[in-house]
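Below, all heavy atoms of this structure are taken into account, side chains as well, without hydrogens, waters or symmetry copies.
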Amino acid sequence: QVQLIESGGGLVQAGDSLRLSCTISERALNFYTMGWFRRAPGKGHEFIGAIRNTGTTYYDDSVKGRSTISRDNAKTTAYLQMISLKPEDTAVYYCVADPSGGGYGTRSWRFWGQGTQVTVSS
């Protein structure tokens with residue numbers, strides 16, 4: 001069973017930047033597309049973006065320009081960098097992985113992490 005472990009969440013100030021990490025238990029990270037979702041209180045899962053094993057990235061328009069996803073296959077870790085954080089970015093952030101290309105919907109992703117809380121104070 002593939003396991004995803006997120007880290008890097010916490011309490012930040014509006015305007016700050018944040019980098020979340022996601023380590024996958026599989027040695028062959030390069031076989032997986034990695035992505036990120038978030039879920040704000042009282043809302044559904046929102047797709048942020050993803051990076052394919054080729055290094056190609058794609059993002060939801062709502063966070064495009066403020067989010068950067070990268071990966072380090074040697075460390076079996078993917079990253080989500082967000083800048084200019086706003087209080088509305090407060091959510092639980094989930095790392096996801098899939099052996100295919102993933103997608104914008106939750107059903108496109110086979111493996112999910114437990115989530116890490118990000119709280120942005122004004």
Side-chain angles (χ1 to χ4, degrees):
Q1 180 70 15
V2 173
Q3 291 185 324
L4 304 173
I5 301 174
E6 303 101 334
S7 62
L11 176 64
V12 297
Q13 299 288 325
D16 283 352
S17 299
L18 186 71
R19 188 177 80 161
L20 303 180
S21 300
C22 172
T23 300
I24 188 170
S25 60
E26 290 289 296
R27 292 182 180 180
L29 171 65
N30 56 304
F31 289 156
Y32 291 84
T33 296
M34 305 292 293
W36 293 89
F37 280 80
R38 65 184 180 183
R39 188 169 186 174
K43 297 185 178 180
H45 288 93
E46 178 186 20
F47 177 72
I48 297 174
I51 183 167
R52 297 190 174 97
N53 57 1
T54 58
T56 302
T57 56
Y58 58 99
Y59 301 90
D60 185 83
D61 287 342
S62 64
V63 295
K64 199 172 185 178
R66 294 197 299 124
S67 302
T68 302
I69 295 175
S70 59
R71 61 193 293 156
D72 184 334
N73 289 342
K75 296 182 178 179
T76 64
T77 299
Y79 305 95
L80 169 64
Q81 175 89 29
M82 293 192 70
I83 63 172
S84 304
L85 287 164
K86 308 171 184 178
E88 50 264 43
D89 292 317
T90 295
V92 177
Y93 284 71
Y94 297 91
C95 175
V96 293
D98 196 84
S100 62
Y104 290 83
T106 57
R107 295 183 179 183
S108 299
W109 299 90
R110 183 172 179 183
F111 302 107
W112 288 69
Q114 292 298 311
T116 183
Q117 176 71 47
V118 173
T119 302
V120 184
S121 63
S122 57

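Here CZ of R39 is found 5.0 Å from NE2 of H45. Values are rounded to the nearest 0.5 Å. With rounding to the nearest 0.5 angstrom, the OG1 atom of T90 is 8.5 Å from the CG atom of L11. Here the OG1 atom belonging to T33 is positioned 6.0 Å from the OH atom belonging to Y58, to the nearest 0.5 angstrom. Separation of atoms CD1 (I69) and CE (M82) is listed at 9.5 Å; rounding is to 0.5 Å. Residue T77 holds its OG1 atom at 9.5 Å from CD1 of I5, rounded to the nearest 0.5 Å.
Looking at every heavy atom in both residues, S84 comes nearest to S17 through N-OG, 4.3 Å. Taking each heavy atom of Q13 and S122 in turn, the nearest pair found is OE1-O, 4.1 Å. Heavy-atom minimum distance, E46 versus S62: OE2-OG, 3.0 Å. For the pair L4 and A97, the tightest heavy-atom approach, listed with the atom from each and the gap, is CD1-N, 3.7 Å. Between F111 and P99, the shortest heavy-atom contact is CE1-CD, 4.5 Å.
Here the side chains of F47 and T106 are not in contact, with every heavy-atom distance at 4.5 Å or above. Residues R66 and D89 are in side-chain contact: their nearest non-hydrogen atoms beyond the backbone lie under 4.5 Å apart. Taking the side chain as every heavy atom from C-beta outward, D98 and S108 never approach each other to under 4.5 Å. Side-chain contact between L80 and S67 is present, with at least one heavy-atom pair separated by less than 4.5 Å. Side-chain atoms of W36 and C95, non-hydrogen and from C-beta on, do get closer than 4.5 Å to each other. Between I48 and Y93 the shortest side-chain heavy-atom distance falls below 4.5 Å. Residues V118 and R38 fail the side-chain proximity criterion, which asks for heavy atoms closer than 4.5 Å. Inter-residue side-chain proximity for N73 and R71 is flagged as met; some heavy-atom pair is nearer than 4.5 Å.
Cluster membership for V120 and L18, using ILVMFWY side-chain heavy atoms within less than 4.5 angstrom, is shared. Follow the hydrophobic side-chain contacts under 4.5 Å out from Y59 and you reach I51 in the same cluster. Cluster membership for Y104 and V96, using ILVMFWY side-chain heavy atoms within less than 4.5 angstrom, is shared. Note: the hydrophobic cluster containing Y32 does not contain F37 (ILVMFWY, side chain heavy atoms under 4.5 Å, direct or indirect links). Hydrophobic clustering keeps M34 apart from W112 (ILVMFWY residues linked when any side-chain heavy atoms are closer than 4.5 Å, directly or through intermediates).
Heavy atoms of other residues, nucleotides or ligands lying less than 6.0 angstrom from CD of Q3 number 12 at most.
The closest donor-acceptor contact from the side chain of E6 to the backbone of Q114 lies under 3.5 Å.
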Inset, instruction - In sequence, state the C-alpha distance, the side-chain angles, and the governing distance for T76 and T23, and then conclude on side chain to side chain donor-acceptor pair (under 3.5 Å). - result: CA-CA 6 Å; T76 64; T23 300; 5.5 Å; no

